[in-house]
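Remarks on the structure that follows.
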Amino acid sequence: MSELRVRFAPSPTGHLHIGGARTALFNYLLARKEQGTFVLRIEDTDVARSTQESVDAILDAMKWLGFTCDEGPVYQSERFELYREKIDQLVSEGKAYRCYCRQDELDQKREAAQAKGLKPKYDGTCRDRSDHPENTPYVIRFRSPLSGETSFNDRVKGVITFSNDELDDLIIQRTDGTPTYNFVVVVDDATMNITLVLRGDDHINNTPRQIVMYKALGYPVPDFAHVPMILGSDKTRLSKRHGATSVMAYRDMGYLPEALVNYLVRLGWSHGDDEIFSMEELIEKFSLDNIGRSASVFNPDKLLWLNAHYIKTGHSQRLADLLKEYMQAAGIETSKGPNLVAVVKTLQERARTMVEMAEAARFYFADTVEVDPSAAEKFLTADKKPVLGAVIRHLHLLKQADEVSIGKTFDTIMEETGLKLGKIGPSVRVALTGSTSSPGIYEVISVLGIEESCRRLQRIQESL
RNA sequence: GCGCUCAUCGUCUAGCCUGGUCUAGGACACCGCCCUUUCACGGCGGCGACGGGGGUUCGAAUCCCCCUGGGCGUACCA
């Protein structure tokens with residue numbers, strides 16, 4: 001174990017999305033690579049917006065992606081006592097104060113300031129107030145330094161400096177007594193001994209506010225690393241408008257977790273010209289040094305390509321287990337019919353997602369294949385009756401349903417009929433699969449078995 | 001508006017720190033050819049970028065400045 005302690009701290013106000021997943025991945029990889037500790041923390045201080053469903057959804061997605069944490073999940077909602085203690089400490093030390101300003105007043109002041117082109121920060125009305133009005137709701141604000149500057153050496157962006165007069169007297173405790181994000185994140189990262197805060201660069205602006213709080217609380221300041229955002233095709237922050245953003249939606253669309261991981265890691269991180277990485281390779285090769293500084297656009301096509309790659313190269317038994325679930329979801333009964341592993345092997349090079357594979361596998365399990373009308377019109381014409389008859393006859397003679405034997409049988413058929421495969425194959429294919437595009441016909445016959453193949457051919461042949 | 005930040009093919013990126021080996025490399029997508037019983041896979045090839053302007057230098061994608069453009073933030077959200 002090294003000293004490195006990192007964390008992923010999602011707020012349970014929705015599913016785990018693409019951006020969060022990448023942040024989690026980077027934290028996970030770094031922890032594994034440095035043999036540090038990966039902590040999962042649920043940021044649920046906003047009681048109104050946090051839900052158990054979201055917590056479960058996030059946990060499920062983390063598990064599906066294979067990001068196992070070493071500690072947690074830790075729930076902030078269970079640590080309110082600690083936060084209260086720290087807030088009391090700050091107040092008694094004069095580092096935080098009660099603010100009795102009403103929200104509508106603040107909104108007005110903010111708008112007014114903005115209209116005049118001034119900074120929309122808290123005007124400090126209650127900053128030096130010493131009276132404590134009875135029965136008046138209040139929040140607790142952090143007393144932020146008014147001058148000087150705060151800077152930190154970001155591990156991906158370099159030195160970043162803020163003038164302290166940009167900082168606001170942040171609310172750290174709401175009227176209802178619950179603490180807010182910028183405060184709890186400091187208390188938690190400090191008390192959980194997080195040594196590196198690795199998160200999205202939308203948090204850069206929060207960092208100086210948090211640093212002054214670390215100092216006020218007497219905590220050591222951790223390292224920070226801010227990774228660039230993932231944008232949609234229109235270069236704005238990725239959102240539902242750009243299509244699926246939920247990790248689990250990708251599973252439902254037939255993506256493999258290793259494809260998503262591989263895609264996500266290449267968004268912002270690189271290792272020379274390499275494109276394909278297993279989790280093991282990532283753990284070995286990942287480094288903060290190779291994280292880019294600019295935002296990147298989510299490209300579904302490349303993810304699809306990676307998914308196709310992992311389907312192509314995946315173990316057919318595992319894929320067969322998965323395929324079963326996707327076929328069930330598509331309402332296709334697989335308990336009867338050909339062996340799923342054999343089916344998978346004929347489809348691995350043809351399917352880019354498991355959903356596509358399930359669809360492509362449909363014909364294998366159909367009692368009566370649904371024949372595409374235009375394919376039938378072209379290849380299942382009456383003049384094909386004798387050829388199909390010959391195919392059925394010769395297939396019946398076959399003892400073994402392996403592709404080589406089937407190939408030899410077709411050689412014989414071609415010899416006997418004097419027809420080339422181009423004149424026979426398409427009709428057989430359509431009769432067997434209902435479509436003009438399918439795995440090789442020898443493969444299909446082999447997987448279907450002689451009996452079932454002949455049954456299908458017979459049915460078509462008789463109807464001609 | 002203000003603050004922070006970013007800037008290489010349409011997209012993801014290598015190269016930038018340690019200027020010359022860059023007529024800028026790889027990948028996705030797209031186009032063409034080959035392979036082929038269909039569809040795919042695969043192979044080969046093509047298209048395609050250093051945002052603009054100044055500097056520094058014998059020499060700049062690489063260093064400096066300005067401009068432009070983009071992103072993020074500016075909550076009793078996280």
Side-chain angles (χ1 to χ4, degrees), chain A residues 9-13 43-46 48-50 76 99 101-103 106-107 110 113-121 137-141 154 157-158 160-163 165-168 170-182 184-185 199-208 226 228-229 231 233 235-237 263 266-276 289-290 292-306 308 312 346-352 360 375 379 407 410 420-426 428-430 433 435-442:
Chain A
S11 67
T13 52
E43 309 234 319
D44 55 354
T45 54
D46 187 342
R49 303 202 313 155
S50 302
Q76 291 186 324
C99 169
C101 296
R102 289 200 321 275
Q103 193 156 359
L106 294 170
D107 291 343
R110 189 158 39 229
Q114 212 147 11
K116 275 191 263 178
L118 299 170
K119 293 180 188 90
K121 57 187 274 191
Y138 62 88
V139 298
I140 305 285
R141 282 184 188 274
D154 194 276
K157 305 255 187 186
I160 299 178
T161 305
F162 285 81
S163 174
D165 58 21
E166 292 297 330
L167 274 31
D168 213 341
L170 249 35
I171 289 171
I172 58 177
Q173 185 180 96
R174 302 183 180 91
T175 313
D176 68 2
T178 58
T180 60
Y181 169 72
N182 275 299
V184 295
V185 75
R199 73 229 304 192
D201 74 5
D202 49 336
H203 284 287
I204 284 184
N205 296 278
N206 290 326
T207 306
H226 289 99
M229 300 273 86
L231 311 177
S233 51
K235 302 218 174 185
T236 61
R237 194 192 182 114
Y263 178 69
R266 284 285 293 105
L267 234 37
W269 178 82
S270 61
H271 187 268
D273 286 339
D274 299 348
E275 294 287 351
I276 306 292
D289 302 334
N290 300 311
R293 288 164 304 275
S294 53
S296 38
V297 174
F298 185 78
N299 180 197
D301 278 336
K302 190 156 184 180
L303 170 58
L304 189 57
W305 172 75
L306 276 163
K312 219 178 305 163
T346 69
L347 262 18
Q348 282 182 269
E349 290 188 338
R350 286 164 237 272
R352 295 175 300 176
F379 299 110
F410 273 81
K420 290 188 175 173
L421 191 54
K423 292 288 174 190
I424 307 171
V428 173
R429 180 188 313 284
V430 174
T433 71
S435 157
T436 52
S437 90
S438 79
I441 47 181
Y442 305 162

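Naming convention: chains lettered A, B, ... in sequence-line order (proteins, then strands); numbering from 1 in each chain.
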Legend entry - Residue A:Leu421, side-chain atoms from C-beta onward, closest of B:U37, B:C41, B:G3: B:U37
Inset, instruction - Could you tell me the separation between the CZ atom of A:Phe298 and the C1' atom of B:G71, rounded to a whole number of Å? - result: 18 Å
Inset, instruction - May I ask which nucleotide in the shown strands pairs with B:C44, Watson-Crick or G-U wobble, both distances under 3.5 Å? - result: B:G32
Legend entry - Minimum-distance nucleotide (side-chain atoms of A:Phe162 versus B:U37, B:U13, B:C4): B:C4
Inset, instruction - Would you indicate what A:Glu275 reaches in the nucleic acid, counting non-hydrogen atoms under 4.0 angstrom: base, sugar-phosphate, or nothing? - result: base
Legend entry - Stepwise side-chain contact (heavy atoms from CB on, under 4.5 Å) test for A:Trp269 and A:Asp289: CA-CA 9 Å; A:Trp269 178 82; A:Asp289 302 334; over 6 Å; no
Inset, instruction - Would you mind classifying the nucleic acid contact of A:Ser435 as base, sugar-phosphate or nothing, using non-hydrogen atoms under 4.0 angstrom? - result: nothing
Legend entry - CG on A:Asn299 to CG on A:Leu231, rounded to 0.5 Å: 12.5 Å
Legend entry - Pairwise 5' ranking along RNA chain B for A:Tyr181 and A:Thr436, keeping only the more 5' one: A:Thr436
Legend entry - Nearest-nucleotide pick for A:Asp301, side chain only, options being B:A78, B:G25, B:A29: B:A29
Legend entry - Side-chain touch A:Phe379/A:Pro426, heavy atoms, less than 4.5 angstrom: yes
Inset, instruction - Could you check which nucleotide pairs with B:A49 in any of the strands shown, counting Watson-Crick or G-U wobble with both distances under 3.5 Å? - result: none
Inset, instruction - If B:A7 has a Watson-Crick or G-U wobble mate with both distances under 3.5 Å, name it; if not, just say none. - result: B:U68
Inset, instruction - Give none if B:C22 has no partner; otherwise give the nucleotide forming a Watson-Crick or G-U wobble pair with it, both distances under 3.5 Å. - result: none
Inset, instruction - Determine whether the side chains of A:Thr207 and A:Arg199 contain a donor N or O and an acceptor N or O closer than 3.5 Å. - result: yes
Legend entry - Any strand: nucleotide that pairs with B:C16 via Watson-Crick or wobble, under 3.5 Å: none
Inset, instruction - Please report, rounded to the nearest Å, how far the C1' atom of B:C39 is from the CZ atom of A:Arg350. - result: 6 Å
Atom pairs under 3.5 Å, N or O on each side, protein against nucleotides 42-52 of chain B: can you list them with distances?
{"unit_1": "B:G42", "atom_1": "OP1", "unit_2": "A:Lys312", "atom_2": "NZ", "d": "3.1"}

Legend entry - Short side-chain to backbone donor-acceptor contact, A:Lys121 and A:Leu167, under 3.5 Å: yes
Legend entry - Chi class for B:C41: syn within 90° of 0, otherwise anti: syn
Inset, instruction - Sticking with atom P, work out how far B:U57 lies from B:G48, rounded to a whole angstrom. - result: 35 Å
Inset, instruction - Report which part of the nucleic acid A:Ser438 touches: base, sugar-phosphate, or nothing (heavy-atom distance under 4.0 Å, all strands). - result: base
Legend entry - Protein-nucleotide distance (A:Phe379, atom CZ; B:C39, atom C1'), rounded to Å: 12 Å
Legend entry - Spacing between A:Glu166 atom CD and B:U5 atom P, to the nearest angstrom: 12 Å
Inset, instruction - State which of B:C77, B:G73, B:G71 makes the closest approach to the side chain of A:Thr236. - result: B:G71
Inset, instruction - Can you tell me, in whole Å, how much space there is between the C1' of B:C30 and that of B:U38? - result: 23 Å
Legend entry - Side-chain heavy atoms of A:Glu275 within contact of A:Lys302, under 4.5 Å: yes
Inset, instruction - Among B:U13, B:G3, B:U11, find the nucleotide with the atom closest to the side chain of A:Arg266. - result: B:U13
Inset, instruction - For the side chain of A:Lys302, starting at C-beta, report the closest nucleotide among B:C72, B:C12, B:A14. - result: B:C12
Legend entry - Sugar-phosphate only, base, or nothing, as touched by A:Gly200 at under 4.0 Å among non-hydrogen atoms: nothing
Inset, instruction - Using a 4.0 Å heavy-atom cut-off across all strands, classify A:Gly440 as base, sugar-phosphate, or nothing. - result: base
Legend entry - Separation of atom CG in A:Leu306 from atom P in B:U13, rounded to whole Å: 13 Å
Legend entry - Whole-Å distance separating the CH2 atom of A:Trp269 from the C1' atom of B:A27: 14 Å
Legend entry - Exercise: do A:Arg429 and A:Ser438 side chains pair donor with acceptor under 3.5 Å: yes
Legend entry - Short side-chain N/O contact from A:Ser296 to OP1 or OP2 of B:U11, under 4.0 Å: no
Legend entry - N/O (side chain, A:Ser270) to phosphate O (OP1/OP2, B:C12) under 4.0 Å: no
Inset, instruction - Measure from the side-chain heavy atoms of A:His203 and tell me the nearest of B:A78, B:U11, B:G71. - result: B:A78
Inset, instruction - Using a 4.5 Å cut-off on heavy atoms from C-beta on, say whether the side chain of A:Tyr138 contacts that of A:Thr175. - result: no
Legend entry - Basic-acidic side-chain contact under 4.0 Å: A:Asp44, A:Arg49: no
Inset, instruction - Take atom CZ of A:Arg429 and atom C1' of B:U38, then tell me their distance rounded to the nearest Å. - result: 4 Å
Restricting both atoms to N or O, compile the protein contacts to nucleotides 74-76 of chain B shorter than 3.5 Å, with distance only.
{"unit_1": "B:A75", "atom_1": "OP2", "unit_2": "A:Arg110", "atom_2": "NE", "d": "3.3"}
{"unit_1": "B:C76", "atom_1": "O2", "unit_2": "A:Thr175", "atom_2": "N", "d": "2.9"}
{"unit_1": "B:C76", "atom_1": "O2", "unit_2": "A:Thr175", "atom_2": "OG1", "d": "2.9"}
{"unit_1": "B:C76", "atom_1": "N3", "unit_2": "A:Thr175", "atom_2": "OG1", "d": "2.2"}
{"unit_1": "B:C76", "atom_1": "N4", "unit_2": "A:Thr175", "atom_2": "OG1", "d": "3.4"}

Legend entry - Shortest side-chain distance from A:Arg293, nucleotide among B:G70, B:A7, B:A78: B:A7
Inset, instruction - Just name whichever nucleotide pairs with B:A75, Watson-Crick or G-U, keeping both distances under 3.5 Å, else none. - result: none
Legend entry - A:Pro179 side chain near A:Ile172 side chain, heavy-atom distance below 4.5 Å: no
Legend entry - B:G53 and B:G42, which share atom name C1', separated by this distance in whole Å: 48 Å
Legend entry - Selected nucleotide, minimal atom distance to A:Lys235 side chain, candidates B:C6, B:C4, B:G70: B:G70
Inset, instruction - Check whether any side-chain heavy atom of A:Tyr263 sits under 4.5 Å from a side-chain heavy atom of A:Phe298, and report yes or no. - result: yes
Inset, instruction - Using whole Å, report how far CG of A:Leu170 lies from P of B:C77. - result: 11 Å
Inset, instruction - Indicate, yes or no, whether a donor-acceptor pair under 3.5 Å links the base of B:G3 to the side chain of A:Asn205. - result: yes
Legend entry - Integer angstrom distance from the C1' of B:U23 to that of B:A27: 22 Å
Legend entry - Parallel, tilted or perpendicular: rings of A:His203 and A:Tyr181 (30°, 60°): tilted
Inset, instruction - Looking at every strand, decide which applies to A:Ser294 at a 4.0 Å heavy-atom threshold: base, sugar-phosphate, or nothing. - result: sugar-phosphate
Legend entry - Passing candidate, side-chain contact (heavy atoms from CB on, under 4.5 Å) with A:Gln173, options A:Ile140, A:Thr178, A:Val139: A:Ile140
Inset, instruction - Just call it for A:Thr13: base, sugar-phosphate, or nothing, with non-hydrogen atoms closer than 4.0 Å on any strand. - result: nothing
Legend entry - Trace of the side-chain contact (heavy atoms from CB on, under 4.5 Å) decision for A:Leu306 with A:Ile276: CA-CA 8 Å; A:Leu306 276 163; A:Ile276 306 292; 3.6 Å; yes
Inset, instruction - Among the candidates B:C39, B:C2, B:U5, find the nucleotide nearest to the side-chain atoms of A:Ile160. - result: B:U5
Inset, instruction - Pick base, sugar-phosphate or nothing for A:Pro228, based on heavy-atom distances below 4.0 Å to the nucleic acid. - result: nothing
